[in-house]
There are 2 protein chains.
Amino acid sequence: MVGTPNRDRQAERREATHAEILSVAWDVAEEHGIAGLTLREVAVRIGMKPPSLYSHFDSKNAIYDAMFEQAWTQYAAIVDDVATDLPPNPRQALRVLAETFFDFATAHAPRHQLMSQRVVPGFEPSASAYGPAVQVLDQFQSRLRSLGVDDPAGVDLVTALIGGLVNQQIANDPGGSRWRDLLPRAINMYADEVGLARREPRRSP
Amino acid sequence: MVGTPNRDRQAERREATHAEILSVAWDVAEEHGIAGLTLREVAVRIGMKPPSLYSHFDSKNAIYDAMFEQAWTQYAAIVDDVATDLPPNPRQALRVLAETFFDFATAHAPRHQLMSQRVVPGFEPSASAYGPAVQVLDQFQSRLRSLGVDDPAGVDLVTALIGGLVNQQIANDPGGSRWRDLLPRAINMYADEVGLARREPRRSP
DNA sequence: GTCTATACTGTGATAGAC
DNA sequence: GTCTATCACAGTATAGAC
């Protein structure tokens, strides 16, 4: 075909613009809060006119949707990497997983608000964008099960516990470590509740 | 004085309008989300033109500020009432306090987002509006102390725990009881961690 | 097809008449 | 105190240049 090389170059350029819009959108959200994101600001920083963004995204919510999916995809990659080398001690393993989520969440408050809270008035993530988020929760659930936590309520309890620490850290001590320092204690408290062993299981009983 | 009666009537009317604006603002926030509050909608429902609201509040954020203070004041009254008749068992007492906060918070999600999360882009509560919120936290801290919880970190831990359950309930099961049902278990878990007695203390040891 | 120019709607806010 | 008029700006949609 004659047109193929051109289309490849155009496709590349289109994808690059797509990524640049998202990258700049994260910058703006970081400065003005996730709900303070404006298409004008994004367009200006890229050197575009605001309406031109509509060539790449159908609406502002479509940008939020892509950001939502991107954030959970990034976290999925990080936790997958961490999970390849977990400590054999179940408590330590759970603590590493909790710290991984906590540090990712508190690193960028606007990102966490988009991922885990319903803060943007008209925005609801699409089913497609929800994919990575559901996958992350499913994998966390199966990892908890392999650690010895069987009841579904136990999963709800620990997600609420870790999420609560994250929210308090972001809302009341941003940039500090007041609640981050409580994480090991919180995990031990939870591990006692669900009866997690304190030492790694023996090879042969 | 001649003008005094007139001024009293005017002051009454002014205060009534003030209260009506706040009441309608809560209605709008309940329907459209706390960040979806618009001065137009409030004005229309009252039968005013939008600019007239500025005779009563300096800005939209001033309305948020008054709502913030009003919400914490209302909760302070409720928890004060509950605290007059707490069960003698420390665990049961703590559970009642936790349930009081949980039920108040989950009854109106927009109110909770205003009270405990930073969801409105440009809004930060004023020092004056923070007063009742600080008072509530102080009283909770002293009540925990009288129950036997001394370390400040223990207070941070339980606020994160209860707040985390509230957030999960609102975000993932609004109107349901999936995380509300976990509250007794969560409080017991925390009570074990801080060494709260399981039964009421004896009169004479 | 992609980007630009322009206009329309809605929102917060201010100034001035009554 | 309330209203009319108006401004500044965000999000959206359409038409047209290249």
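Values in this document were obtained by computation on a predicted structure and should not be read as measured data. Residue numbers begin at 1 in each chain, while the letters A, B, ... track the order of the sequences.
- If you measure from atom CD1 of Ile63(B) to atom P of dT11(C), you get 14 Å, rounded to the nearest angstrom.
- Using a 4.0 Å heavy-atom cutoff across all strands shown, Ser52(A) reaches at least one base atom of the nucleic acid.
- Salt bridge annotation for Arg111(A)-Asp27(A): absent, with no cationic side-chain nitrogen under 4.0 angstrom from a carboxylate oxygen.
- Taking the six-membered ring for Trp and the full ring otherwise, the centers of Tyr75(A) and Phe101(A) sit less than 6.0 Å from each other.
- Rounded to whole angstrom, the span from the NE2 atom of His56(B) across to the C1' atom of dA13(C) amounts to 16 Å.
- A salt bridge links Asp80(B) with Arg143(B): at least one charged nitrogen is closer than 4.0 Å to a carboxylate oxygen.
- Following rounding to the nearest Å, Leu39(B) (CG) and dG12(C) (P) show an atom-to-atom distance of 4 Å.
- Phosphate contact (OP1/OP2 of dT14(C), side-chain N/O of Tyr54(B), threshold under 4.0 Å): absent.
- Atom C1' of nucleotide dT9(C) and atom CZ of Arg40(A) are separated by 13 Å, given to the nearest angstrom.
- Ser59(B) comes within contact range of the sugar-phosphate backbone alone, with a heavy-atom separation under 4.0 Å but no base atom that close.
- No donor-acceptor pair under 3.5 Å is formed between the side chain of Gln92(A) and the backbone N or O of Pro87(A).
- Lys49(B) places its NZ atom 19 Å from the P atom of dA13(C), with the value rounded to the nearest Å.
- With rounding to whole Å, Ile46(A) atom CD1 is found 15 Å from dT2(C) atom C1'.
- Residue Leu53(A) contributes atom CG, which lies 10 Å from atom P of dC3(C) at whole-angstrom precision.
- Heavy atoms of Thr38(B) sit under 4.0 angstrom from primed sugar atoms or phosphate atoms, though from no base atom.
- Nucleic acid contact for Pro51(A): base, since at least one base atom lies under 4.0 Å from a heavy atom of the residue.
- Under 4.0 Å is where a charged nitrogen must lie from a carboxylate oxygen, and between Glu15(B) and Arg9(B) no such pair does.
- Contacts of Leu37(B) with the nucleic acid, taken as non-hydrogen atoms under 4.0 Å apart, involve only primed sugar atoms and P, OP1 or OP2.
- Side-chain proximity of Ser55(A) to dG12(C), dG1(D), dC3(C): nearest is dC3(C).
- Distance His18(A) NE2 to dC3(C) P: 13 Å, rounded to the nearest Å.
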